[in-house]
Structure formats: C-alpha cells, structure tokens
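Structure record follows, encoded as structure tokens.
Below, chain A is the first sequence line, B the second, and so on; all start at residue 1.
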Number of protein chains: 2
Amino acid sequence: MKNSNLYKGSIVTILLKLLNEHDKMYGYEITQRVFEITNGELKLTEGALYPALHKLEDQDLVEVEIVKIGKRIRKYYRLTEAGTKETVKKLAELESYMKNMRALINPKFREKLH
Amino acid sequence: MKNSNLYKGSIVTILLKLLNEHDKMYGYEITQRVFEITNGELKLTEGALYPALHKLEDQDLVEVEIVKIGKRIRKYYRLTEAGTKETVKKLAELESYMKNMRALINPKFREKLH
DNA sequence: ATATAATACATAATTTATTTATGCATTTGA
DNA sequence: TCAAATGCATAAATAAATTATGTATTATAT
C-alpha cells in the first residue's frame, strides 16, 4: 500500500492517541487497529512503527511490558504520565493543523481573529 | 517560528490549492497569504517554499512568468492543466487524510463500510 | 540622512522521518 | 504441508524540511 505524503509526521500522534484510549497495546495490534479504523486506507509499516515506538520509549513517553505468548513475545506499550501530557499536546496540534488546512483549502472556513 | 511536524507533506497541497484559487501568484505572496489565512500559525520558510515551487515547475504542474517590478524580479506561478488535475487529486487525498485522522482520534467518527 | 525592516529571489548542508528491503521465528488455517 | 498471519527487528536509501546563509532592492521610521 502506498500511503499519502500527508501522513508523514502523524505517526506519533496516532500512536499516542491509541495508547491513550486502550491503556496498553502491542505493535502488531496497533497496525491492525489503524488498518481497521481507516477501513484499510492507512497501513502502518513496521519500518515506521517500531522505530517510532522505540523513540517514544527513549523519551519516556511510554513504558514497555514484555509478555510471552507461547514461545513468541509481545511488547505491550503503555503511556507514562509524561506520555499522557504529550498526547494532549499532540491532539491540540492536530486540531490546529486541521483547522488551518481547512481554512487554506476552503475560503468559507477563513476567519479573522477579532 | 516552529511549525508542527504535521505540516510535513502538506506544502504541495497548499501551493496547488492557492494557485488554483488565485490564478497566478509569486512566492513571497504565497508565504504572506498562508500566514494571513492561518492567523500567523503557519509560516512557510523560503527553504521549503522555493524548492517546492521549482519541483512543481520541473513536473510541469505550474508554469512561470517573470515580471520586473522596478529593478526587482517576481516569478509568477500559474497552474498548468496537469497542475489543475493534480490539485483535485491532492485535495481528495487531504480530505481522506482528515477523515481518517478524525476517526483515529475520535471514536465517534468511526464507521464501518456497509 | 540613515538604519532597519520588508520585499524577493536563491541554494547548500544538515537533519529527520519514512520507505523499502530485509531478517528471523512461531502459530494458525486452508 | 504450505502459505498466511503473527510478532518482533534493523539497515540503507530516499525525500522533505530546517537551518543557515547569500544577494539585492525598496519602503519606512527615526
């Protein structure tokens, strides 16, 4: 699948929001949820997903719990407190982005500050 | 100004839409319009803008008219036919992106395909 | 008069995120 | 029993944007 260029820069927001909603999730599960929610329109690739999760971990925005399922491992990710704060920030940024893009593409949505 | 990561990948869409609306514009003018429309929240930098315009020109999505204003030059950009088609495509991609992001961040916006 | 800000273009080096291409191993289902 | 799905991972290459410059003209404020 070829995702649109527009998703560049959105992965962290998506990850944080899903973790905020689900309490704990593992990587593969996240790719599936994203695929479902977007009706197959967005496919997170592993090459983007895992480095992004690792970076969130390095930044202490998520913490990891390793669980063995038979002989296979799962790494569950859970938001830290800092991660929850960052989620709020990222969601506000997304709202701002969408408002501005809406104004840029639709003159009817333009409004001056009073 | 520090723009959000989310704008990465959106510049071409913004340029095409503004050119679609204004018939012809020059670079500096575009930065000003974007700044105004977003109430100062998005500042296109020259380092992003000019290479993007040059790339659109290489792809024959825009054509250029050079105008001298006194001793200074302006390069007006205008959509080609291919550029107009590409604009439609990019706007559809943006709508799809926003729909999917909306669904990802707000469970109420999720809907299964019938 | 003169300095500063605004107008107007440009590019090169660096950074960063993502894509593409792999790799390995286990488990499920056809 | 073979393919697909599950589940992790990383490395090289690509592409977009940031940061840092550069040049020159014109307008404005002191």
Which part of the nucleic acid does A:Glu46 contact within heavy-atom distance under 4.0 Å: base, sugar-phosphate only, or nothing? base
Quick check for you: among [options], whose closest atom lies nearest to any side-chain atom of [X]?
X: B:Tyr28; options: D:dG7, C:dA8, D:dA9; value: C:dA8
X: A:Tyr77; options: D:dT25, C:dT19, D:dA9; value: D:dA9
X: A:Pro51; options: C:dT20, D:dT26, D:dT10; value: D:dT10
X: A:Lys8; options: D:dC8, C:dA10, C:dT19; value: C:dT19
X: A:Thr45; options: D:dA9, C:dT20, C:dT7; value: C:dT20

Any [X] side-chain N or O less than 4.0 Å from OP1/OP2 of [N]:
X: B:Tyr50; N: C:dA10; answer: no
X: A:His54; N: D:dT10; answer: yes
X: A:Gln32; N: D:dA5; answer: no
X: A:Tyr26; N: D:dC8; answer: no
X: B:Lys71; N: C:dA8; answer: no

Flag side-chain contact, heavy atom, 4.5 Å: [X] against [Y]:
X: A:Ile11; Y: A:Leu49; result: no
X: A:Leu15; Y: A:Val62; result: no
X: B:Gln59; Y: B:Glu86; result: no

Side chains of [X] and [Y]: donor-acceptor distance under 3.5 Å anywhere?
X: B:Tyr97; Y: A:Ser10; answer: yes
X: B:Thr13; Y: B:Glu93; answer: no
X: B:Arg78; Y: B:Tyr76; answer: no

Rounded distance (Å) that lies between atom [atom2] of [N] and atom [atom1] of [X]:
X: B:Ile73; N: D:dT23; atom1: CD1; atom2: P; value: 17 Å
X: A:Leu44; N: D:dG7; atom1: CG; atom2: C1'; value: 15 Å
X: A:Leu6; N: D:dA17; atom1: CG; atom2: P; value: 10 Å
X: B:Tyr76; N: C:dC9; atom1: OH; atom2: P; value: 9 Å
X: A:Asn5; N: D:dA16; atom1: CG; atom2: P; value: 6 Å
X: B:Ile30; N: C:dC9; atom1: CD1; atom2: C1'; value: 13 Å
X: B:Leu53; N: C:dT11; atom1: CG; atom2: C1'; value: 14 Å
X: B:Leu49; N: D:dA16; atom1: CG; atom2: C1'; value: 14 Å

DNA chain C nearest-nucleotide lookup for A:Lys55 and A:Arg72: closer to the 5′ end is A:Lys55
Of B:Gly9 and A:Gly27, the one whose closest nucleotide on DNA chain D sits nearer the 5' end is A:Gly27
